Structures are given as C-alpha cells and as structure tokens.
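For reference, the structure discussed in these notes is given below.
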Amino acid sequence: MKIERLLSILVILLNKEIVSAEELANKLEVSKRTIYRDIESLAMSRIPVVTIHGRHGGVGLMPSYKMDKYLFSDEEKLQIIEALKMQNNMMQIDNQILIEKLENLRESEESYRNFSFYSPTIHREEIEIETKEKLKISREAMAHHKKMKIKYISFTGEVTNRVISPYRISLKDGNWYLDAYCDHRKDNRIFKLTRIRECILLEEGYFTTKENELSLAANYEVVELLFHRDQLGKLYDFFLEEEIEIQKNDIRVTFEYDCNKNLIPFLLMFSSSVEVIKPKELKEKYYKELNKIYKKIKDDKQLSYIP
DNA sequence: ATGCACCGACAATACAGCCG
DNA sequence: CGGCTGTATTGTCGGTGCAT
C-alpha cells in the first residue's frame with residue numbers, strides 16, 4: 001500500500017509544478033503527516049523532492065529531475081544536443097551553457113563529438129568566417145527588427161546600396177541566403193550572403209510584414225548530359241544512383257531540373273568533360289557561354305600562343 | 001498576521017512471527 | 001488455534017519556522 005502511494009505521489013509530482021501536502025493527502029486518502037513521511041521516504045530514495053514554505057507553498061520535484069527521468073530519453077537528449085551544436089557552429093549562436101546543461105543530464109558519460117559542422121558551405125575558410133559575421137549581423141537585425149544597410153553585387157556585377165528588412169536566413173545548395181524586404185526595390189528580395197560586400201546594422205526599426213514567398217512556380221524539364229568517364233566520383237555529389245548510367249566510354253546522366261534556375265555555372269564546373277544532349281535550349285545557352293569564353297581567350301593579346 | 005511546510009511525541013491499528 | 005510480542009504504518013496534536 002505504501003509503495004503504491006509513493007508511486008502515485010511521484011506521478012502527481014511529475015505532472016505538476018507544486019502540490020500542497022493537503023492536496024496530496026486528500027487525493028490519496030491519508031493524513032498530511034503520512035504524506036510528509038512518504039516525502040521523506042522518497043527523499044531517502046534519492047529522489048530530489050523540494051518544498052516551498054509559506055503561502056502557495058507545497059511539494060515539488062527538481063526541474064532537472066523531471067527533464068532527466070521523465071521527458072526525454074538519453075537518445076532524445078542527444079538529438080537536441082546535436083541540433084544545438086549545429087546552431088552553435090553554423091549560426092554562431094552562443095548556447096554553450098545550454099549544451100553543457102543537457103550533456104550533464106545524460107546518463108552516458110561518453111562525449112559526443114562525432115559531428116562537425118565546421119565548414120557547412122562550399123566556400124574557402126576565410127569566406128566562411130566573413131559569412132558567419134554577416135549571419136551574426138543579420139540575426140541581430142531580425143531579433144531586434146532593425147533594418148540593415150548593405151552594398152550588394154548582383155549576379156551580373158551591378159553594384160547597389162540598399163536598405164533592407166531581413167526576415168529569414170536559409171542555407172541552400174551550400175550557400176547562405178537572406179530573405180528581406182528591400183526599400184530600394186519596394187519588394188521582397190533574396191540576397192546571397194557572399195555577394196553582400198558591406199553590411200551595417202541601422203538603428204531604424206521595421207514593422208514585420210507578411211512574408212512573400214519569392215519562388216517562381218517550378219518548371220521541370222528532363223535534362224540529359226554526357227560526362228567523361230573520369231567524372232564519376234564528382235557526379236555522386238549531385239546525382240542519384242538511378243540518374244547515373246555508366247556506359248563504355250562515358251556516363252549518361254538524366255534528371256529533372258527546374259529550368260527557372262541557371263544550370264550554366266554548374267556545367268562550367270566540368271569544363272570540356274561534359275556535353276549537353278537535351279534540352280536543345282540548354283545546349284544552345286551552354287554553347288553561347290562557351291563561345292563567350294573562347295572569344296575572350298582569342299582577344300587576349302598576351303596569350304599569343306593560343307591558336 | 002496568516003497560511004503552510006515541517007517535525008516530534010504519542011496513540012491506535014494492522015499484521016507477521018513465535019510459542020504453548 | 002489462540003495469545004503474546006515486535007514491527008510497520010498511520011493519525012492526532014501541538015508546536016516551530018518560513019514566506020507572503
């Protein structure tokens with residue numbers, strides 16, 4: 001009977017912040033004195049019971065005990081720690097104390113250092129440091145609803161000075177982007193962090209407006225490319241097993257791609273080791289780009305040895 | 001001042017184990 | 001089996017101390 005009551009008290013305490021001895025006594029149909037003896041038994045079993053004196057006082061459990069024994073399993077705590085570490089490494093969010101608290105709550109002593117988010121993007125280490133600084137300013141701007149003044153270089157090299165109100169940071173295809181309302185364009189725009197050359201946090205605040213999704217409707221088309229055999233290793237960075245067809249001398253890759261997005265920079269990564277089979281429009285666009293490069297080399301007088 | 005946790009002392013009750 | 005004894009559990013009472 002006593003054991004059953006002790007368990008009942010434990011369950012009640014796990015579900016409530018503070019319970020008075022009288023409430024427990026009424027619920028379990030015993031006297032308050034018995035409840036106090038039970039609490040003493042729980043405390044002797046190393047269950048961290050805390051009591052609060054005075055008005056609105058009562059009996060409760062240490063919050064860490066609830067977290068430790070009731071809410072999360074060791075595995076679940078580990079997952080939270082990993083997510084926090086990722087936030088810490090990638091976003092420079094100072095949550096070290098929280099991570100340590102959670103690590104202390106884990107049953108297992110084994111430290112979890114199998115994950116590293118040291119360099120999450122495709123950029124050089126120096127660029128990564130610069131980007132993290134921009135991320136920090138952007139986060140601060142979003143947290144305090146402050147505007148930012150930026151110098152931005154567009155894809156085509158056009159330089160503009162803008163005042164923006166950022167509302168979202170995203171990591172896509174190895175690059176950081178900032179979604180923001182642009183005072184200059186009077187519309188929402190997406191800014192690639194590496195192309196933000198100067199960035200200052202302004203005192204001027206902004207009101208949160210409804211975020212507009214800046215995505216055009218996807219328009220998928222089948223793309224077929226032919227790669228040189230020696231590109232196979234690189235191809236697995238971008239394509240699925242079923243999209244790659246290994247042939248005798250080359251590799252045929254067939255995949256669906258949103259033709260609103262520019263595929264040319266990707267193709268140029270493979271220099272002469274790639275050939276566009278279809279669609280025809282992409283092939284033409286690609287050759288046009290190659291022609292531009294060829295013309296540039298041909299016109300360079302310093303390179304007299306080029307035929 | 002009041003409400004509540006907390007505790008000691010003592011009594012009542014229930015139950016198990018032992019013995020004749 | 002019935003009585004005795006020891007132990008565990010619980011309730012009552014009265015008091016102390018702390019927080020509001």
Side-chain angles (χ1 to χ4, degrees), chain A residues 1-113 136-147 165-169 201-210:
Chain A
M1 194 66 188
K2 186 174 177 178
I3 293 290
E4 280 173 39
R5 205 175 51 240
L6 289 178
L7 284 171
S8 301
I9 292 174
L10 200 53
V11 170
I12 291 169
L13 295 183
L14 280 166
N15 283 302
K16 281 192 163 188
E17 286 293 311
I18 292 289
V19 190
S20 72
E22 183 152 19
E23 196 183 331
L24 285 172
N26 289 336
K27 262 187 186 156
L28 302 170
E29 295 174 315
V30 287
S31 70
K32 277 203 292 178
R33 188 67 186 92
T34 302
I35 294 296
Y36 286 125
R37 290 193 187 105
D38 289 344
I39 297 295
E40 198 183 335
S41 300
L42 287 174
M44 279 166 73
S45 310
R46 301 178 70 182
I47 290 168
V49 190
V50 287
T51 57
I52 296 163
H53 281 230
R55 209 168 285 179
H56 310 301
V59 193
L61 288 175
M62 292 266 287
S64 64
Y65 181 81
K66 288 188 185 182
M67 184 85 161
D68 188 14
K69 304 291 177 198
Y70 192 60
L71 284 179
F72 301 108
S73 68
D74 232 24
E75 186 58 39
E76 287 166 330
K77 274 177 250 164
L78 205 56
Q79 287 175 20
I80 297 170
I81 291 169
E82 280 167 21
L84 286 170
K85 281 184 177 170
M86 182 174 77
Q87 214 183 32
N88 186 296
N89 282 306
M90 290 169 75
M91 306 289 286
Q92 308 268 289
I93 293 173
D94 186 15
N95 51 18
Q96 203 53 46
I97 293 172
L98 182 57
I99 291 172
E100 277 170 26
K101 273 186 185 173
L102 279 166
E103 276 181 336
N104 286 337
L105 285 177
R106 293 190 55 229
E107 302 276 321
S108 159
E109 288 291 313
E110 169 215 354
S111 168
Y112 212 79
R113 305 244 178 264
K136 199 175 153 190
I137 296 171
S138 306
R139 281 191 48 246
E140 209 177 322
M142 284 190 287
H144 300 105
H145 291 270
K146 293 268 169 74
K147 290 188 178 184
S165 309
Y167 58 79
R168 184 171 45 219
I169 294 168
L201 193 63
L202 298 177
E203 273 311 302
E204 190 188 346
Y206 68 85
F207 297 103
T208 329
T209 51
K210 200 170 176 280

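Within every chain, numbering begins at 1; the chains are lettered A, B, ... in the order of the sequence lines, protein sequences first and strands thereafter. Scope of the values below: all heavy atoms of this structure, side chains included, with no hydrogens, waters or symmetry mates. Keep in mind the model is a prediction, meaning the values are calculated, not measured.
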- Message: I'd like to know if A/E23 and A/K27 make a salt bridge, using a cut-off of under 4.0 Å between side-chain N and carboxylate O.
- Response: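 Here A/E23 pairs with A/K27 in a salt bridge, since their nearest N and O are under 4.0 Å apart.
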
- Item | Nearest non-hydrogen partners of A/R168 and A/M142, listed with the distance |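 The pair with the smallest heavy-atom distance is N-SD, 3.4 Å.
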
- Shortest non-hydrogen separation from A/V19 to A/I12 and the atoms involved: CG2-CG2, 3.9 Å

Please report, rounded to the nearest Å, how far the [atom2] atom of [N] is from the [atom1] atom of [X].
| X | N | atom1 | atom2 | answer |
| --- | --- | --- | --- | --- |
| A/R5 | C/dA8 | CZ | P | 16 Å |
| A/D38 | B/dA5 | CG | P | 15 Å |
| A/Y36 | C/dG15 | OH | P | 18 Å |
| A/N26 | B/dC4 | CG | P | 12 Å |
| A/E22 | C/dG11 | CD | P | 13 Å |
| A/L28 | C/dT9 | CG | P | 16 Å |
| A/E23 | B/dC4 | CD | P | 11 Å |

- Task: When you get a sec, tell me which of C/dT10, B/dA5, B/dC7 is the closest nucleotide to the side chain of A/R33?
- Result: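 Shortest atom-to-atom distance from the side chain points to B/dC7.
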
- side chain to side chain contact (heavy atoms under 4.5 Å, CB included) involving A/K147 - partner list, sequence neighbours excluded: A/V163, A/S165, A/D183, A/L202, A/E204, A/Y206

- Give the C-alpha distance, both sets of side-chain angles, the deciding distance and a yes or no for side-chain contact (heavy atoms from CB on, under 4.5 Å) between A/H144 and A/L201. CA-CA 10 Å; A/H144 300 105; A/L201 193 63; 5.9 Å; no

- Message: On the nucleotide C/dG11, are OP1 or OP2 found under 4.0 Å from the side-chain N or O atoms that A/S31 carries?
- Response: yes

- Roughly how far, to the nearest 0.5 Å, is CG of A/L13 from CD1 of A/I39?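 Between A/I39 CD1 and A/L13 CG, I get 5.5 Å after rounding to 0.5 Å.
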
Check: protein-nucleotides 10-16 of chain B nitrogen or oxygen pairs below 3.5 Å:
none

